[in-house]
Amino acid sequence: MFNLILFGPPGSGKGTQSTNLIQTYGLQHLSTGDLLRDEISRETNLGLEAKKFMDAGQLVPDAVVIGMIGSKLDEHPNARGFIFDGFPRTTAQAEALDNLLALKKTNISVLLSLEVPEEELKQRLVLRGEVSGRSDDNEEVIQKRIAEYKAKTEPVANYYEAQGKLERIKGVGTVEEIFGLLRNQVEKFILPQE
Ligand code: B4P
């Protein structure tokens with residue numbers, strides 16, 4: 001199995017690039033942001049709870065997110081591999097993911113980290129906020145999300161660097177240019193699906 005973590009700050013293009021990668025390599029997409037927004041739109045208890053954290057620019061508690069990922073992994077026992085998009089976002093989530101994958105006799109192959117300067121992130125998210133209707137895409141919340149990323153999520157890159165699995169990717173340029181850089185890394189492990 002090929003298991004990829006697509007990593008980076010809010011607005012770095014994880015969701016955008018995941019779409020391309022899934023189509024090209026036939027991987028299963030697991031985006032905790034999408035899963036949480038789905039819970040919110042269905043007004044489940046989990047969604048209502050998560051919305052409070054997301055609208056404040058904070059991370060949703062680890063236990064909630066880890067539980068969600070565990071059940072999603074079980075839904076796809078025959079997947080060629082997974083793209084983890086926006087997960088793990090804390091070291092506790094990374095440890096939990098390693099344990100879940102070990103139970104399935106597999107592990108993370110590589111973490112690709114999209115590197116984008118802060119000013120560019122803010123511009124992209126403000127722009128997205130104008131069309132997305134996402135309540136967390138406004139300037140005040142964006143600033144908090146970036147601060148939360150620096151404090152709690154950046155250490156996840158060090159966690160996988162210690163395992164020799166971190167690759168830094170320049171995340172500025174056209175979507176196609178960045179996809180090309182990601183492909184070069186992915187194809188060290190797997191080829192496009194026929
Ligand atoms: P996410 O849904 O993961 O979203 P994101 O960080 O905002 O964005 P992403 O990096 O995917 O950017 P995108 O491609 O869309 O998280 C939302 C919230 O959910 C978090 O703040 C947190 O509260 C909660 N959450 C999620 N996972 C969690 C977890 N594991 N633990 C705890 N809490 C969790 O790109 C952004 C914009 O840039 C788009 O408009 C796109 O069109 C544009 N763009 C992309 N590539 C570009 C390029 N090359 N050039 C110019 N613009 C580009």
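Atoms within a ligand are numbered from 1 in the order they appear, just like the ligands themselves. Residues: numbered from 1 along the sequence shown.
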* To do: Run through Lys144, Lys150, Arg145, Lys152 and flag the one making a salt bridge (charged side-chain N to carboxylate O under 4.0 Å, His left out) with Glu148.
  => Lys152
* Asked: Any idea how His76 and Phe82 line up, ring-wise: parallel (<30°), tilted (30 to 60°), or perpendicular (>60°)?
  -> perpendicular
* To do: Quick one: look up the protein heavy atom nearest atom 46 (N) of ligand 1 and list residue, atom name and how far away it is.
  => Arg124 NH1, 3.7 Å
* To do: Determine yes or no for a side-chain-to-main-chain donor-acceptor pair under 3.5 angstrom, with Asn99 supplying the side chain and Glu95 the backbone.
  => yes
* **Sub-3.5 Å N/O-N/O distance, Ile178 and ligand 1** => no
* **Donor-acceptor pair between Gln143 and Lys122 side chains, under 3.5 angstrom** => yes
* Quick one: which ligand 1 atoms are inside 4.0 Å of a heavy atom on Pro9? -> 10 (O)
* **Within reach of ligand 1, part of Val65 (heavy-atom separation under 4.0 Å)** => side chain
* Side chains of Ser109 and Asn3: donor-acceptor distance under 3.5 Å anywhere? -> no
* **Contact partition for Gln58 relative to ligand 1, non-hydrogen atoms under 4.0 Å** => backbone
* Decide whether an N or O pair under 3.5 Å exists between Asp136 and ligand 1. => no
* NZ/Lys104: more than 12 non-hydrogen atoms of other groups inside 6.0 Å -> yes
* Asked: Relative to ligand 1, is Met54 under 4.0 angstrom through side chain, backbone, both or neither, heavy atoms considered?
  -> both
* Specify the protein heavy atom at minimum distance from atom 15 (O) of ligand 1: its residue, its atom name, and the distance to 0.1 Å. => Arg128 NH1, 2.5 Å
* Close approach, Gly8 and ligand 1, non-hydrogen under 4.0 angstrom -> no
* Could you tell me whether ligand 1 has any atom less than 4.0 Å away from a heavy atom of Phe87? => yes
* Asked: Is there a heavy atom in Arg134 that sits closer than 4.0 Å to ligand 1?
  -> yes
* Sub-3.5 Å N/O-N/O distance, Thr174 and ligand 1 -> no
* **Check: Arg183/Tyr25 side-chain N/O donor and acceptor closer than 3.5 Å** => yes
* **N/O donor-acceptor pair under 3.5 Å between Thr24 side chain and Leu21 backbone** => no
* To do: Would you check whether Arg37 has a nitrogen or oxygen atom less than 3.5 angstrom from a nitrogen or oxygen atom of ligand 1?
  => yes
* Protein heavy-atom partner closest to atom 20 (C) of ligand 1 - residue, atom, separation in Å -> Arg89 NH2, 3.9 Å
* Are any of the N or O atoms of Gly86 closer than 3.5 Å to those of ligand 1? -> yes
* Any heavy atom of Gly173 sitting closer than 4.0 Å to ligand 1? -> yes
* Examine distances only and state if a side-chain atom of Thr19 and a backbone atom of Gly15 form a donor-acceptor pair shorter than 3.5 Å. => yes
* Hey, does the side chain of Glu177 reach the backbone of Gly173 with a donor-acceptor pair shorter than 3.5 angstrom? -> no
* **Protein residue, atom and distance nearest to atom 33 (N) of ligand 1, heavy-atom basis** => Val60 N, 3.0 Å
* May I ask you to identify, for Glu148, whether its side chain, its backbone, both or neither come under 4.0 Å of ligand 1 on a heavy-atom basis? => neither
* If you look at every heavy atom in Gly70 and Leu100, which pair is closest and at what distance? -> CA-CD1, 4.0 Å
* ligand 1 to Lys14 polar contact by distance, N or O atoms, under 3.5 Å -> yes
* If only atom types and distance count, is the side chain of Lys14 paired as donor or acceptor with the main-chain N or O of Pro9 below 3.5 Å? -> yes
* **Side chain, backbone, both or neither: the part of Leu114 lying under 4.0 Å from ligand 1 by heavy atom** => neither
